[in-house]
Amino acid sequence: MPELPEVETILNGLSAALAGRRIISTEVRRDLRWPVPDDLSIRADGKKIGATTRLGKYMLISLMRGPTLLIHLGMSGRIRITPKPEKGPAYRPLTHEHVSILLDNGTYIGLVDPRRFGCLLLADAGRERDHVLLRSLGADPLEPEFDAAYLYARLNRKRAPIKTALLDQRVIAGLGNIYVCEILYRAAINPQRLASSLSMDEIALIARVTPEVLREAIGAGGSTLRDYVDAQGKPGAFQDLHLVYGREGEPCPECPGYPACGGIRRVVQSGRSSFFCPRRQPPLSLEDA
DNA sequence: CGAGACCCCTGGCTGC
DNA sequence: TGCAGCCAGGGGTCTC
């Protein structure tokens, strides 16, 4: 579910709730994709919360004089913040609220994840990038190291389709199916073209458009397709601004030929749907054909 | 190195 | 209304 903009939006809300707080206790009711570490309570309870950051789709919550919590929301994960009620019923976890963290102001931070594709793990402070899940991640597209030269170096020898290459978290950390489709549409590049067939100019265009799309999505509060909501429980609005994702058969804004052109097309690549406009994003080179 | 299949798991929607 | 089948925003592992 959550791609970079959704994670960023959730993390903003979560950071506000965590700022200056201390963890009183943690409770794990069910394991996630990987078992939540047995020593979570031992290492986290009583610790004051430090900086909260994001790396691709991972949220990193550092604990002072303690480890760093690594949280990935998978497909269906979300964060539920439950402030201490003035009066009335006590906190009750939701059906799929598998982990709860009680803060010193009575707020509960819940990790809700019906499909349990997400995870909560611990990394050693100061060596987070050495963690097995983080060490092979590529550049985060909102960080300065991400630019045309970086992207070109990562793509110019890749024989995979550009769509698949951009989904590879080792190339760029944070993109998912929705935003790759939107980025390639904006850059007017066919998702089936081989990454190695793209010119420097085309890659530079992708490098320019990527942070633009992500920042716009963050500004809109992310994309809500099914049950995504931010840490306050509010849905995003960027799905209304999707130009191609989920719009098979609909006209693309750039296409004067609709309906004769058939509108937005959908193809399956590596098991994931790709949406594109065949006129704006032509297949092009012989190498790709 | 890359493609594709399979796996993790649940809920929502569609069509019969 | 019931139910089977398909689909989904992620990603790790294995084989070819």
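Worth saying up front: this structure is predicted, and the values here are computed from it rather than measured. By convention in this document, chain letters (A, B, ...) are assigned in the order of the sequence lines, proteins followed by strands, and residues within each chain are numbered from 1.
- Proximity of Lys57(A) to the phosphate of dG11(C): a side-chain N or O atom is located under 4.0 Å from OP1 or OP2.
- Judged by distance alone, the side chains of Ser100(A) and Tyr91(A) do bring a donor and an acceptor atom under 3.5 Å apart.
- Distance CG (Leu55(A)) to C1' (dG11(C)): 16 Å, rounded to an integer number of Å.
- For dC9(B), neither phosphate oxygen OP1 nor OP2 lies less than 4.0 angstrom from any side-chain nitrogen or oxygen of His96(A).
- Side chains of Thr68(A) and Glu128(A): a donor on one and an acceptor on the other come within 3.5 Å.
- Look at CD on Gln169(A): it is 8 Å from P on dG12(C), rounded to the nearest Å.
- Atom-to-atom, CG of Leu194(A) to P of dC1(B) comes out at 17 Å; the value is rounded to the nearest Å.
- Between Ser273(A) and dA8(C) there is a side-chain N or O to OP1 or OP2 distance below 4.0 Å.
- The side chain of Arg30(A) contributes no N or O atom lying less than 4.0 Å from OP1 or OP2 of dC8(B).
- In this entry the distance linking CD of Gln192(A) with P of dG2(B) reads 17 Å, nearest Å.
- If you check every strand for non-hydrogen atoms under 4.0 Å, Pro161(A) touches sugar and phosphate atoms only.
- The interatomic distance linking Trp34(A) (CH2) with dG12(C) (C1') rounds to 6 Å, in whole Å.
- Using a 4.0 Å heavy-atom distance criterion, Arg33(A) is classed as a base contact.
- Ring centroids of Tyr179(A) and Phe238(A) are separated by less than 6.0 Å, placing the two rings close together.
- For the OP1/OP2 pair of dG2(B) and a distance below 4.0 Å, the side-chain nitrogens and oxygens of Lys158(A) include at least one atom meeting the criterion.
- If you take atom P in dC7(C) and the same atom in dA5(B), they sit 13 Å apart, rounded to whole Å.
- Judged purely by distance below 3.5 Å, without hydrogens or angles, the side chains of Ser196(A) and Arg157(A) never pair a donor atom with an acceptor atom.
- Comparing dC6(C) with dC6(B), their P atoms sit 13 Å apart, to the nearest whole Å.
- Going from atom CG of Leu32(A) over to atom P of dG12(C) covers 15 Å, rounded to whole Å.
- Cluster membership for Leu243(A) and Ile206(A), using ILVMFWY side-chain heavy atoms within less than 4.5 angstrom, is shared.
- Contacts of Tyr245(A) with the nucleic acid, taken as non-hydrogen atoms under 4.0 Å apart, involve only primed sugar atoms and P, OP1 or OP2.
- Of the candidates dG2(B), dG11(B), dG9(C), the closest approach to any side-chain atom of Arg159(A) belongs to dG2(B).
- Remark: C1' of dA8(C) and CD of Gln239(A) are 15 Å apart, rounded to the nearest angstrom.
- Within 3.5 Å, a donor on the side chain of Arg115(A) pairs with an acceptor on the base of dC9(B), or the reverse.
- Side-chain contact annotation: Lys163(A) with Asn177(A), donor-acceptor N/O pair under 3.5 Å present.
- Taking atom CZ of Arg116(A) as the reference point, atom P of dG12(C) lies 18 Å away to the nearest angstrom.
- For the pair Phe117(A) and dC9(B), the ring geometry does not qualify as stacking, because the centroid separation below 5.5 Å and plane angle under 30° are not jointly satisfied.
- Applying the Watson-Crick and G-U wobble criteria (two distances, each under 3.5 Å), dA8(C) pairs with dT10(B).
- Nearest nucleotide to the Ala160(A) side chain, out of dC9(B), dG2(B), dA8(C): dG2(B).
- Residue contacts for Arg170(A): at a heavy-atom cut-off of 4.0 Å it reaches no nucleic acid atom on any strand shown.
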